[in-house]
Amino acid sequence: MAVTEEVKVAEKTAHPEDSDIRKASVAVAGFAGISAEARDATSNEHDMGFIQALKLYPKAVGWSMLLSTAIIMEGYDVVLLGSFYALPQFNEKYGVLADDGTYTVPAPWKSGLSNGALCGEILGLFINGIISEKYGYRKTMIASLAMMIAVIFIPFFSQNIQTLLAGEILCGIPWGVFQTLTTAYASEVCPVALRAYLCTYVNLCWVIGQFIASGVLRGVLSREDQWAYRIPFALQWMWPVPILIGVIFAPESPWWLVRNNRTEEAKKALLRLTTRGDPTFNADATIAMMTHTNEIEKQISEGTSYLDCFKGIDLRRTEVACITWLVQTLCGSTFMGYSTYFYQQAGLPTTSAFDLSMGQYALGMVGTVGSWFLMSRAGRRTIYLRGSIVLFVLLLIIGFTAIAPASNVPSRWAIGSMLLIFTFIYDLTVGPICYALVAEVSSTRLKAKTVVLARNLYNIGGIVVNILTTYQLTPTPTGWGWGAKSAFFWAGSCFLCIIWVYFRLPEPKGRTYAEMDVLFERGIAARDFRTTELDIFSGDHTTDSESDKGIEKSDVTVVENEKSGVPVAERL
């Protein structure tokens, strides 16, 4: 290939700004050597397949799964509270006597209870973004689990709806920590080949919690005393104690240790996460890759505060992470949280409603596992876009089916069936893929805070959605009485989500964190992320002596390429 042709190819290859490389070279002694090792580690990550990664990082998989199990508690309680509105014993304890002679919790208090937990989560999320970056993921997780054990006492012993609300708010604080810390930890303890699978496992834990809650509630339907709702509250103590014991022995995230200039500890943690004696693995090279990424990010965006998430190129990354998570709640998924209550309003008996809910969450688990096979064949963006389109169509079908007269029993079952399909598609696409996307599009230095902002926007959106859904599904006069016809409303919001995904959501599949940094820094269009050629090590192989002599990095790179015969596009 002629030199002129090589240069043309190189011009099409995205790479870091030369000024960023120079600043990193000045800031870090021996940066050229670090870069060389980082290049080798990056190449190994690209070449590493799923099975090879699983053999090399089995301990990382185990520790990540342990921490993610905490999400089961949140998924459990979300369904628990929503389903309690369909439980006669709960309504009699915390509700008021309606005109028809039955007890019901008024719509304002339903919204208050559901949103109380979300308010606590918002507070817990912001705390997590600060505490976890200062003290580490492990210590933050231990403190949150200890708090979880303590605050469960409040809803368990609550004698009125006001105390129950206070308990939900306080429980929401550790739940908020679990929501983002588990995702961030999963994304930092494993290589590219496993990253998406461990992040989406968080969604599987969420669905497992929902399934367990539906099964527990189905089991207590026959009880006519206060234990019909107190037993489900008490079962929340099953999770924190064993998880807490495990987390005490868990290794810290190597990425967090690198960001805090604790390189030797990072290497020890990395060795604890990998298989000892594997000849294909070089721990020093992997730490060098983390150091290289961290130093380049420091030059691109020096700060690590919440404000820095809205500056420069990080503003776009924050937007993508936040709206990606918001799509989860605006695509109509709100029906799943109120499924039991929704089935009842559609005219199904209470026992049938709980049976369908259990089937719904079982399909959700199958869907999440199925998403792992989809991700091995298709990009995250493709799955997210097509999944949203299918959900839009299903919402329209539910809405049109609801137009049938209330006395039409087959239409009620049709609505229930559509919700089962909706849940499967959601947990096959939008539900789990969201966790991978949010973890992958944020920079490593701002990851904790970006994920916190994204999840908090999701929670704020959830508050609005919960209020709307409560009034939509609650019969008149306390609600609007829309019933299943409210699917038309959410079909409209889902359509807006589809438009955003098409134009703004990038494809992170197969990219290292450093490569994502360059793609965002260069302003690559979302639809071009997957096809853009990259060389993140452009110009950073100058030796320390060459830098001292003032030799231009670009000149050194050209000479190396002429001698080696390697195309410039591969080395620049």
Side-chain angles (χ1 to χ4, degrees), residues 78-79 82-83 85-86 107 110-111 114 207 210 214 326-349 352-361 363-364 367 384-431 434 458 461-476 478-501:
V78 168
V79 170
S83 299
Y85 303 146
K110 287 178 182 176
S111 297
S114 298
V207 179
Q210 294 173 322
S214 293
L326 189 61
V327 168
Q328 264 200 346
T329 192
L330 293 180
C331 69
S333 61
T334 177
F335 282 148
M336 298 187 298
Y338 288 85
S339 59
T340 304
Y341 182 76
F342 185 82
Y343 289 139
Q344 282 190 324
Q345 293 303 307
L348 300 180
S352 298
F354 277 97
D355 288 341
L356 273 175
S357 293
M358 291 181 64
Q360 172 184 339
Y361 296 123
L363 281 175
Y384 218 68
L385 179 61
R386 294 181 181 178
S388 299
I389 293 172
V390 176
L391 296 180
F392 168 72
V393 173
L394 289 172
L395 287 169
L396 289 179
I397 294 173
I398 292 172
F400 282 117
T401 305
I403 297 176
S407 58
N408 191 326
V409 176
S411 69
R412 300 171 189 168
W413 283 101
I415 292 171
S417 300
M418 286 300 103
L419 267 179
L420 292 178
I421 298 173
F422 185 98
T423 302
F424 176 75
I425 297 299
Y426 174 86
D427 285 306
L428 181 68
T429 57
V430 174
C434 172
Y458 167 89
I463 292 174
V464 176
V465 166
N466 282 340
I467 293 173
L468 290 173
T469 306
T470 299
Y471 281 96
Q472 287 171 351
L473 300 184
T474 302
T476 56
T478 57
W480 300 339
W482 289 10
K485 293 190 218 36
S486 55
F488 284 125
F489 178 90
W490 299 111
S493 67
C494 186
F495 182 73
L496 295 177
C497 294
I498 292 170
I499 295 174
W500 181 87
V501 169

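The minimum heavy-atom distance linking Thr329 with Gly462 is given by the pair OG1-CA, 3.9 Å. Here the closest non-hydrogen pair linking Leu395 and Cys331 is CD1-O, 3.3 Å. Nearest heavy-atom pair, Ile498 versus Ile389, reported as atom, atom and distance to 0.1 Å: CD1-CA, 3.7 Å.
Rounding to the nearest 0.5 Å places SG of Cys494 at 5.5 Å from CG of Leu391. The line from CD1 of Ile425 to CE of Met418 is 10.5 Å long, rounded to the nearest 0.5 Å. Taking CG of Leu326 as the start and OG of Ser493 as the end, the distance is 9.5 Å to the nearest 0.5 Å.
Inter-residue side-chain proximity for Thr429 and Tyr384 is flagged as unmet; no heavy-atom pair is nearer than 4.5 Å. Within the 4.5 Å cutoff, side-chain heavy atoms of Phe488 are placed close to those of Leu396. Side-chain atoms of Tyr426 and Gln328, non-hydrogen and from C-beta on, do get closer than 4.5 Å to each other. Between Asp427 and Tyr361, the closest side-chain pair of non-hydrogen atoms is not below 4.5 Å. Side-chain contact between Leu394 and Ile421 is present, with at least one heavy-atom pair separated by less than 4.5 Å.
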Just do the side-chain contact (heavy atoms from CB on, under 4.5 Å) check on Trp490 and Leu468 with the steps written out, would you? CA-CA 10 Å; Trp490 299 111; Leu468 290 173; 4.1 Å; yes
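Partners of Phe489 by ring pair (Phe, Tyr, Trp, His ring centres under 6.0 Å), not counting sequence neighbours: none found. Qualifying side chain to side chain donor-acceptor pair (under 3.5 Å) partners for Ser388, counting only residues two or more places apart in sequence or in other chains: none. Residues passing the side chain to side chain donor-acceptor pair (under 3.5 Å) test with Trp480: none are found, sequence neighbours excluded.
Note on ring orientation: taking the six-membered ring where Trp is involved, the planes of Phe495 and Phe392 are tilted (angle from 30° to 60°).
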